[in-house]
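Per chain, numbering begins at 1; letters A, B, ... match sequence-line order.
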Number of protein chains: 2
Amino acid sequence: MTSSVSADPVAEYLVRHQDRAEAWLFELLRIPSVSADPAYAAHMEAARQALMQRLRQMGLTAVQTLEGGGEPAVYAEYLHRPDKPTILIYGHYDVQPPDPLDAWRSPPFEPTVVGDHIYARGASDVKGSTMIALETVAAFLAVEGACPVNVKIFLEGEEETGSPSLKEIIRRHGERLRADAVLSADGGRASPSHPSINVGARGVTTLEFSVESARKDLHSGRYGGAVRNALHEMSMLLASLHDKNGAIVVDGFLDDVPELLPAQRADTAALPFSEHDFLEEVGGIAGGEPGYTLRERVTLRPSIDVNGMWGGYTGVGAKTIIPCRASAKLSMRLVPGQSPQRARETVIAHLRRAVTPGMRLCISDQHASSPASTLSPSHPLVIAATRSLASLSGKPVAHVRLGASVPITALFKETLGIDTLMFGYNLPDEDVHAPNEFFRRSSITDGFRGWTKILRELSRFSREDF
Amino acid sequence: MTSSVSADPVAEYLVRHQDRAEAWLFELLRIPSVSADPAYAAHMEAARQALMQRLRQMGLTAVQTLEGGGEPAVYAEYLHRPDKPTILIYGHYDVQPPDPLDAWRSPPFEPTVVGDHIYARGASDVKGSTMIALETVAAFLAVEGACPVNVKIFLEGEEETGSPSLKEIIRRHGERLRADAVLSADGGRASPSHPSINVGARGVTTLEFSVESARKDLHSGRYGGAVRNALHEMSMLLASLHDKNGAIVVDGFLDDVPELLPAQRADTAALPFSEHDFLEEVGGIAGGEPGYTLRERVTLRPSIDVNGMWGGYTGVGAKTIIPCRASAKLSMRLVPGQSPQRARETVIAHLRRAVTPGMRLCISDQHASSPASTLSPSHPLVIAATRSLASLSGKPVAHVRLGASVPITALFKETLGIDTLMFGYNLPDEDVHAPNEFFRRSSITDGFRGWTKILRELSRFSREDF
C-alpha cells in the first residue's frame with residue numbers, strides 16, 4: 001500500500017481493530033441464516049437482531065426491519081450531511097443452504113480459519129463484504145464523529161431465494177429508501193492484485209420445461225425400437241442448443257448482442273488471468289464460442305446452461321423402461337441489449353421448432369428474470385471507485401463486467417431510479433454456493449481501505465451529479 | 001372354439017370351474033409378493049406357503065422350496081409317466097413394486113374385476129398365467145388321475161429383480177430340475193385372436209455411466225460460457241446413439257445382426273397389427289429404423305433405450321449451477337447373433353469416441369445381460385404348440401419373437417441344456433410393470449384350453465425327440 005493510504009486515520013483504525021471486526025463477523029457466520037428453508041426461520045430472525053444491535057451500537061438511527069411479506073430487510077440510517085449525496089449501502093444477511101453437508105471439511109456454520117481463509121457458509125457471499133461496509137461506516141463515526149456522505153443501510157434477507165418480496169419492500173418503503181446511488185457489498189473483485197471495477201453484470205432468465213413421449217412409462221422390451229423415448233428427445237433438444245464447441249446456436253438468441261468494443265476487450269485483457277489456472281482450479285474443461293477469450297465469454301457474451309435434468313428410473317440397479325417424460329431446467333446469462341423475455345422466447349421457439357412432431361413440450365410459466373445492468377464511465381460511482389482503487393494500488397483500474405447476475409441492480413434502477421456499483425471484496429475462487437465456501441482475511445484489510453476511500457471520494461460529488 | 005376343443009374333458013372341467021380357479025388366483029394376487037423391496041419379505045414367504053399348500057392339495061409330491069441364497073423358488077413334481085417326456089413348468093410368484101401408488105384406480109393388491117379385466121399387480125405378470133399352468137396339471141390329476149407328461153413345477157421368486165440367485169438354485173438343485181424341456185408361463189401372446197408362438201426373445205444388456213466435467217458444481221454466472229457442462233455432454237452423448245429417425249448409429253453395434261429372413265417377415269406380417277392403435281393406446285410416437293415395420297423393429301431388430309438420466313438441480317425453483325456430473329442408464333435389446341458383451345462394448349467404445357476430451361467418463365461394472373434366445377421350428381415344443389393352437393383356433397399359427405427379454409430361457413439352456421417355450425397367456429396391452437396392470441378372464445379360459453392341449457401334444461413325443 002502507498003503511504004497516502006496509510007495516512008487515512010479511519011482506514012488505519014479499521015485495520016488496527018480488524019480482529020474485533022472479524023470476531024463480530026464470526027458471530028454472524030455462526031447464525032445459519034438460510035432463507036431457502038423455512039426450518040431456519042428462527043435463525044433468520046437471530047441474524048436480523050444481531051445486525052440491528054450492531055447498527056444501533058454504531059450510532060445509526062431509525063434501526064428497524066422493513067417488511068414486504070417475506071423475510072424482512074434490516075434498515076438503518078445516518079443522515080447528517082444535508083449537502084452531501086445519500087448512498088444506499090446494500091448487503092444481504094441470508095445465505096445458501098449448506099448442502100451437501102458431507103462435502104464440508106469444517107462445519108459450515110462454525111467459521112474456521114486456515115491461513116488467510118475463513119471457511120463458513122456465507123463468508124464470501126456475502127456476510128464478509130457486508131461486515132466491511134458496516135464497519136467502515138462505524139469507523140467514520142468512531143474516529144471522526146461523522147460520515148463523509150449520508151448513508152442508508154439496507155440488508156436484504158431473501159437474496160439467495162431470488163428476492164421474492166424485495167420489490168414489495170421497496171414499494172412500501174420507497175420514500176425511506178430514496179438515495180442518490182447504491183453501493184453494494186455484493187458482487188466481487190476479479191483479482192486481488194489488479195484493481196478493477198464492475199461496471200455491470202450479466203442478466204439472467206430461467207426456463208423449465210419437459211417433454212412427454214407417451215402417457216406412461218413403457219417396457220423397453222415390448223416397445224424398444226418402436227417408439228420415441230422422452231429422454232432421447234430431451235437429450236436431442238439440449239444438445240441442439242449449442243454446437244460442438246459449446247457456442248449457442250439458438251436462432252435469434254444472439255440478435256441483440258452487441259459486438260464487443262475495443263475498450264471492453266482491452267479492459268478485460270488488462271486483468272491478469274490464466275485460463276489454464278481458472279479451469280484447473282475446478283477441474284473444468286474449456287468450452288464456448290470461438291473468437292473470444294474465456295473472460296470475454298463469461299462477462300461480455302451470453303451463455304445458456306442446463307442446471308438440471310431428470311427423467312425415468314434413477315435408483316439403484318436397472319429398470320428397463322422407456323420413460324414417458326423428461327424435464328430440464330435452463331439458465332441463460334444475458335448481456336446489455338438482450339431482453340430477458342425475448343431471450344427466453346427465442347429458446348422456447350427453438351425448442352418448439354426442434355421438438356419431434358407429436359412429442360408434448362410443456363414450458364413452465366415460472367421463471368426468474370433480470371436484465372443485464374450497466375454503468376456509464378462518467379457516473380460518479382465509477383469515477384469515485386476508479387479514483388479510490390487507483391490511488392490505493394497505484395495501478396490503472398480496469399472496467400470490467402460480472403459474469404453473474406445481480407438482479408437487485410436492475411430492481412433499484414426500476415423502482416428507485418438509481419444506479420448501483422458492486423463494491424464487494426470477495427474473489428472468484430471462494431466457492432460461493434458450494435461446500436467449503438471461504439473469505440479472505442486479506443480481503444477484509446483491502447476492503448476496509450477501499451470502503452473508507454470510496455466514501456470519501458463520493459463526498460466530493462454533489463447530489464446533482466448523480 | 002371348435003367342437004374338437006369342447007370335447008376335451010380336462011379343458012371342460014377347467015372352464016366349468018373357472019370361478020374357483022379365479023378365487024384362488026385372487027388369493028395369490030392379494031399377497032404383495034414384491035421381491036425388490038425387503039419390506040415385503042413376509043409376503044414373499046406367504047406367497048410360497050400359499051403355492052405349496054395348493055401344490056400339495058393338487059396331489060403333487062416333493063413340494064418344497066429350493067434355496068439359492070436369495071428368495072427361494074417353489075418346487076413340486078409329478079413323475080409317474082416314465083415313458084413320457086418331463087416338462088419343467090416355469091412361472092414366478094414375485095411381482096414388480098406397485099409404485100406410483102396414486103396412479104392406480106383400484107388398490108394394486110386387491111384384485112378388482114371390471115368387465116373382462118382383473119386389475120392387480122402381478123395379474124398379467126405373471127400370477128395369472130402361472131395359475132393357468134398349475135390348475136391345468138391339477139385338472140388332469142382330478143379328471144383323469146394322471147398327467148399326460150411328467151411335470152416339474154418351478155416357480156421363481158426373483159424374476160422381477162433379475163433372478164440374482166436363480167443360477168445358484170439350479171447349481172444346487174440341478175439333478176432335481178433335470179427335464180426335457182421348459183414350458184414357461186411367462187412371456188405372452190401377441191394377439192388374442194390370431195394364434196402365434198414365441199420362438200424366441202430378444203436379449204438384453206444394460207449400461208450405467210456418468211460424465212464428470214469438473215470437480216464440483218459451478219456457478220452459472222461465473223462460469224457460464226467458459227466451461228463444458230456435464231449435462232450438455234450427457235445430452236450430446238445420448239443424442240449421438242441414434243439418428244434423427246431413431247435408428248441406432250453406434251459403430252459395430254449392428255455388425256452381428258442378421259438380415260431378416262422372408263419367413264420371419266411373413267410370420268410377423270401374418271399377425272393382425274395396427275401400428276396406429278399400438279401407438280395410440282399408450283400415446284406413443286413412432287420412432288426407429290426406416291425399412292422395417294414396427295413389429296419387426298420391436299422383435300427382430302435390436303434397440304437402445306435410455307431408461308433414466310439425471311444430473312444437477314432437480315428440485316423446485318431455480319438453482320443456477322453448471323452441474324459437474326450427469327448419469328444415465330441404458331438398456332439394449334438384442335437379437336440372435338449379438339453377444340451381450342460385444343454389444344455393450346460397442347456402445348462403450350462409441351461413448352469413449354464421442355466424449356469431449358478432458359471429460360471424465362465412468363462406466364459402471366454393474367450390468368444385467370442375457371443373449372437373445374431362439375427355438376428351431378422342428379423342436380417338439382414348437383411342433384406341439386403349433387398343433388395345439390392350430391387345432392384350437394382353426395387358424396394358421398405364426399412363429400414370432402418376443403421384443404422383451406426372458407433371461408431364464410438363456411439360463412436354462414446354459415445350465416440344464418434344455419430349451420424353453422414361452423406359453424403365457426397375457427397380452428401386450430396389460431400394463432405390466434405399470435399402474436393398473438390387469439389380466440383378462442377370457443385369457444384364463446383360452447389358457448386352460450391351450451395348456452390342456454399342449455400337455456397332450458407333448459405326450460406324443462418321446463424323450464429322445466428332445
Give the minimum heavy-atom separation between [X] and [Y], together with the two atoms involved.
X: B:G308; Y: A:P323; value: N-CG, 4.5 Å
X: A:M309; Y: B:M234; value: CE-CG, 3.5 Å
X: B:A226; Y: A:F278; value: CB-CE2, 4.1 Å
X: A:I285; Y: B:E212; value: CD1-O, 4.4 Å
X: B:R333; Y: A:S220; value: NH2-OG, 2.8 Å
X: B:G224; Y: A:D305; value: CA-OD2, 3.4 Å

Please state whether the side chain, the backbone, both or neither of [X] comes within less than 4.5 Å of a heavy atom of chain A.
X: B:M359; value: both
X: B:I304; value: backbone
X: B:L231; value: both
X: B:I321; value: both
X: B:T320; value: both
X: B:E296; value: neither
X: B:Y292; value: neither
X: B:K329; value: side chain
X: B:A286; value: both

Taking every heavy-atom pair that is under 4.5 Å apart, which of [options] has the most such pairs with chain A?
options: B:G317, B:G162, B:P302; value: B:G317
options: B:Q366, B:E281, B:R295; value: B:E281
options: B:E160, B:H433, B:R202; value: B:R202
options: B:E275, B:E233, B:K244, B:H232; value: B:H232
options: B:G287, B:A36, B:C324, B:G312; value: B:G287
options: B:G403, B:G283, B:A103, B:G288; value: B:G283

Tell me which of these, [options], has more heavy-atom pairs under 4.5 Å with chain B than the rest.
options: A:R301, A:K319, A:M236; result: A:K319
options: A:V282, A:V298, A:L402; result: A:V282
options: A:L238, A:T314, A:L279, A:L330; result: A:T314
options: A:G358, A:S213, A:G221, A:A318; result: A:G221

Ignoring hydrogens and geometry, is there a side-chain-to-backbone donor-acceptor pair from A:N229 to B:V306 under 3.5 Å?
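Judged by distance alone, yes, a pair lies under 3.5 Å.
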
Would you find a donor on one side and an acceptor on the other, under 3.5 Å apart, between the side chain of B:R297 and the backbone of A:Y223?
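The answer is no, because no donor-acceptor pair under 3.5 Å joins these two groups.
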
Quick check on A:Q96 against chain B: is it the side chain, the backbone, both or neither that has a heavy atom closer than 4.5 Å?
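A:Q96 touches chain B through side-chain heavy atoms alone.
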
Per-residue contact mode, A:P357 against chain B (heavy atom under 4.5 angstrom)
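For A:P357, the contact with chain B is made by the backbone alone.
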
Does B:V432 reach the side chain of A:R222, with side-chain heavy atoms less than 4.5 Å apart?
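Touching, per the 4.5 Å side-chain cut-off.
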
